[in-house]
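Heads up: numbering here begins at 1 and tracks the sequence. Read the numbers this way: they start at 1 and go in the same order the structure lists the ligands and their atoms.
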Amino acid sequence: MSFKPLRKAVFPVGGLGTRFLPATKAMPKEMLPVVDRPLIQYAVDEAIEAGIEQMIFVTGRGKSAIEDHFDIAYELETTMTSRGKSLEVLDATRLKPGSIAYVRQQEPMGLGHAVWCARDIVGDEPFAVLLADDFMMGQPGCLKQMVDAYNKVGGNLICAEIVPDDQTHRYGIITPGAADGALTEVKGLVEKPAPGTAPSNLSVIGRYILQPEVMRVLEGQGKGAGGEIQLTDAMAQMIEGQPFHGVTFAGTRYDCGDKAGFIQANLAVALQREDIGSAVREFAIKTLG
Ligand code: G1P
């Protein structure tokens with residue numbers, strides 16, 4: 001079957017990043033590097049790999065480093081060129097002119113509100129949402145795997161992962177229906193259920209493919225868990241009318257919104273790198289004994 005192609009992706013990057021203070025006092029958490037690339041760069045690369053043509057950043061105050069990152073740095077580039085240094089290392093930061101749009105979320109009112117802020121740029125098209133602090137390592141990338149699934153089943157898709165029982169209160173949780181390979185039917189969704197009340201331990205991970213109707217649901221969405229306007233609550237209302245599936249990612253997720261997860265991601269990437277892998281491995285073995 002053929003479904004309306006997915007061309008746009010929303011990157012909510014307005015969050016305060018309080019879990020990483022003081023590092024994130026003057027720097028957006030999405031600019032924290034995994035080895036030498038900021039988290040947001042990995043998410044954008046993942047979107048491009050999945051065929052996304054337009055990146056929509058929902059930003060906030062103090063996030064201008066993200067805009068600068070995806071712009072030309074004249075002074076830097078002129079100096080590097082005059083010193084005979086290659087600019088290749090900056091290639092990924094240069095996207096096609098006009099392919100990034102920025103919209104400001106004036107107040108941090110929740111993920112659902114952030115996504116809704118992008119409604120006019122998204123228009124009447126399906127769109128992806130990528131949360132940069134869910135760092136997804138695998139090949140093909142997570143969104144590409146989801147797009148492949150979308151081309152088969154259409155509708156709405158979320159990345160799904162089993163989490164330990166004592167962590168369900170930190171996630172959107174799925175009431176699962178029938179499973180078929182990497183796809184699981186989504187029968188219900190609840191955001192951050194109180195400990196002991198989760199319908200399963202299948203959680204929502206920060207990759208989504210959504211139909212534009214969710215914007216109309218978000219328009220009237222009241223506050224949910226944590227007093228915020230939740231994307232999960234709006235998605236829950238889409239289940240009746242449209243196909244809705246969870247996709248199990250063939251790869252590894254690192255929760256880079258969490259310090260331990262962030263360090264693990266750095267280690268995992270460092271160990272795979274040709275330039276530093278052996279030095280890091282040697283150090284790790286020596287340190288761990
Ligand atoms: C958000 C979503 C949640 C999802 C999580 C994945 O929560 O609201 O449903 O499970 O991302 O990382 P947050 O981590 O922003 O609190």
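Between the side chains of Gln211 and Asn156, no donor-acceptor pair is found at a separation under 3.5 Å.
Taking the charged nitrogens against the carboxylate oxygens, Lys8 and Glu125 do have a contact shorter than 4.0 Å, which makes a salt bridge.
The 4.0 Å heavy-atom shell around ligand 1 contains residues Leu111, Leu131, Asp134, Tyr171, Gly172, Glu191, Lys192, Val204, Gly206, Tyr208, Gln230, Thr232, ordered by chain and number.
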Considering only distance and modelled atom types, tabulate donor-acceptor pairs under 3.5 Å from the side chains of residues 218-232, sequence neighbours left out.
unit_1	atom_1	unit_2	atom_2	d
Glu219	OE1	Trp116	NE1	3.3
Gln221	OE1	Ala234	N	3.4
Gln221	OE1	Gln237	NE2	3.2
Gln230	NE2	Ala225	O	2.8
Thr232	OG1	Glu191	OE1	2.5

Could you pull out all donor-acceptor pairs under 3.5 Å where a side-chain atom in residues 12-19 meets a protein atom, sequence neighbours excluded?
unit_1	atom_1	unit_2	atom_2	d
Arg19	NE	Gly257	O	3.1
Arg19	NH1	Gly257	O	3.3
Arg19	NH2	Gly257	O	3.3

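Legend: side-chain hydrogen bond (donor to acceptor under 3.5 Å, both in side chains) pairs involving residues 243-254, not counting sequence neighbours, sorted by first then second residue: Asp134-Arg253, Glu161-Arg253, Tyr171-Arg253.
Between Leu87 and the options Thr81, Leu76, Thr93, a side chain to side chain contact (heavy atoms under 4.5 Å, CB included) holds for only Thr81.
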